[in-house]
Amino acid sequence: MKKLKLLFNISLLVGLFILSSACSTIRTKVANNFKANNAPVRVAILPFNLSPLIKNEKETAIIFRKVFYDYFSYLGYIDLTIKEIDEILAENELIYLEDIYLISPEKLGEYLDVDALIYCDINQVSNITAGIFANTTIEAGFKMVDAHSGSTIWKTRLKERDNTSIIGTASLITLIQEQIDNSKKQEAIKRVAEECSRKVIDTIPDPAPFFAKKLKLPDIYSFNTNVANNGFAGDEFLLKVHINGEIEMKASFDIGNWKSNIPMKEISPGEYTGEYLIYSKDFVEGSVIVGQLENKNGIANKKVYEKGLAWFQSPKISKPQNK
Amino acid sequence: MDKNSLVKKILRISFVVCVAIFLTSCATAPLRKINISNKITQNKILSSLKVAILPIEGMPSAAKFVRKSLHVNLMKTDMKIIEKFLVDGALKKNRWNKPVDFAAIPPQKLGEAFGADALLYGNISEWKKFYAIIYSKLTVGLELKLVDARTGELLWKGEESATESEGLFKIPTGIISIFTAPLFYAAKEDNMKRLARKVARNITSSLRKSYKAKEEDRMYEKIVVASAKEYLKKIENNIDDQKQIALKSPNLQNKQLIKTASNNILNSVKNGYTIQVGAFQNKLHADKLIEKLTDKGFNSYLVLSGTGAELLYKVQIYRFKSRKEAIYFAKKLKEKINLSYFITKAKAVAKT
């Protein structure tokens, strides 16, 4: 009888322990016709929408969106930065959420130049700290919509709860710590938002393995500079760089890490030139010249000029001789 | 209860408490060591860097998770983080499979492959669980370094190790909790992941707030990784060799350059369209035209067509993905060099 009682007590404690810890419910649906080879490439995460019943939680929506974006960027989609999205929306006078959510996905896709849009509706946000009990909850619904057809590719609904209580916590110090952590509202919300984002991201179909196989960097056919066999400069030296490669790319070059992303011009289709004037006060020591072509998705190809290193210095300092 | 059994009970409890204190005293404060280059703190180059996070060395399941945590935390810095699928695709394409081999590859080569300005290398130095009935401990350790892909310079280095534990010293809420708390704590995989996230967040904090770097953490000396030094030395030796060749035979140097340029084209566009400017039965005439075009700055190459008496040496310039691109370029070419041409489909080339 005593043993039975002990067993019952242990089971009760274990059960309460499990129930009192963090838990979530998640429901996901992915479109039947979704395949990696027709997955959207460029995706924009729109500002998160708060339910009208939730007051004074605008900050939560902003934090949540930023956290979600950080996790989403890990997937195999080319995502626009939040700053880029907000700037483009503002340019098109879409500042208020109501306006953004009323406009068609096709129109939004056109403005943002993306293949898909992610919408989020936050239905519940709560943060309670009561000494022996603490809880932070976020409930939200997400969906990814094809910006060309307006059809839903993926949607999910999630309720994430972070509970702590005197029943479920095995030690006093942990209980006190969790109560203190939960009382810092922004941090608690961020923690739960991270947990939400992590779980939601796992439900999103990830075309990364397919895109990794089909990876294509912008072509660079040739890359030349006038530093070949360069010795010493006088008072100044005009460094010239020439790339021949894929047309209509964004071209730039670096002089080691001394000067980066020096822009180049496309003088004829696929031909890019750039130059940089180096003065006698500059000191560039054995630096490689690196050329780059970047496409509109931010995918770049770099080439190191292997026929010479840049040594530019004032006449007073001499290049160390090879032993 | 008689005196003897009470004393024995007290002694037993004291022994347990002493063991607990001994075990908990073994818990160490988190180890953190940061070295941050002057280039980051003074020149603020982080915002201009495109960073590729390489696969982490260590236990595969842990390494995958840690890489994801690092990606998420580095997204909060000023650096642009290259998409994971780009890095993995390039690694697969170049057959660079094992993280342990990355150190031997020149960072310039890795940077070329990903289009990166800097590379983040990582290693899980610790991933341990310890359980001793009334006490359990989790330990996660990470070592990271950020290397400039252009110069091979070490820009930042971080080492962090953190421990979390559960046991008697945390004042259990019941007798049963003394045993269940450490057990559940060690068994729950989420606790290990949470600790790893914490370490990833802490170790990258100096990159999020580089302006707050302490004086003792700053690196003033330029440190270049070994593989980069070798690569740069190779380029320097190449220059010296070419100087020697130029001194001996200027024509031979030109031919070397032509061969290099042609091979570059061969290795880039495999199909598509090209501009043909000549077809000769005599290879010498074809070579002369290629030399002339190279002097004018056009990368041209030789293609063999036919066999025996019908063998032709065709001279072609560039390769384009579309016919439209080739036509546009050919019109510009005609303005510069007065040669007749036609657009044709690119085929396999002869080795020059």
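Below, chain A is the first sequence line, B the second, and so on; all start at residue 1.
Ring orientation note: the planes of A:F211 and B:F85 are tilted relative to one another, at an angle of 30° to 60°.
Neither the backbone nor the side chain of B:A149 comes within less than 4.5 Å of any heavy atom in chain A. With a 4.5 Å cut-off on non-hydrogen atoms, B:Y231 touches chain A through its side chain but not through its backbone. Proximity to chain B involves both the backbone and the side chain of A:V304, based on heavy atoms less than 4.5 angstrom apart. For a residue to count as touching a neighbouring chain, one of its non-hydrogen atoms must lie under 4.5 Å from one of that chain's; by this rule B:A118 does not touch chain A. Both the backbone and the side chain of B:D117 have a heavy atom closer than 4.5 Å to some heavy atom of chain A. Contact annotation for A:F72: neither backbone nor side-chain heavy atoms come within less than 4.5 Å of a heavy atom of chain B. Heavy atoms of A:D79 lying under 4.5 Å from chain B belong to its backbone as well as its side chain. For chain A, the nearby part of B:R197 is the side chain; its heavy atoms alone come within less than 4.5 Å. For chain B, the nearby part of A:L75 is the backbone; its heavy atoms alone come within less than 4.5 Å. Heavy atoms closer than 4.5 Å to chain B are found in both the backbone and the side chain of A:N257.
Residues A:K66 and A:D70 are paired through a salt bridge, judged by an N-O separation under 4.0 Å between the basic side chain and the carboxylate.
Contact count against chain A (heavy-atom pairs under 4.5 Å) is highest for B:K68 among B:K68, B:K109, B:K50, B:K80. Counting heavy-atom pairs closer than 4.5 Å to chain B, the top residue among A:P207, A:G245, A:A300, A:P269 is A:P269.
The side chain to side chain contact (heavy atoms under 4.5 Å, CB included) test with A:C196 is passed by exactly one of A:F68, A:F64, A:Y71: A:F64.
Counting only N and O atoms by type, the side chains of A:T81 and A:E84 include a donor and acceptor under 3.5 Å apart.
Other residues, nucleotides and ligands place no more than 12 heavy atoms under 6.0 Å from the NZ atom of A:K240.
Annotation: cation-pi geometry satisfied between B:K84 and A:Y74 (NZ/CZ under 6.0 angstrom from ring centroid, within 45° of ring axis).
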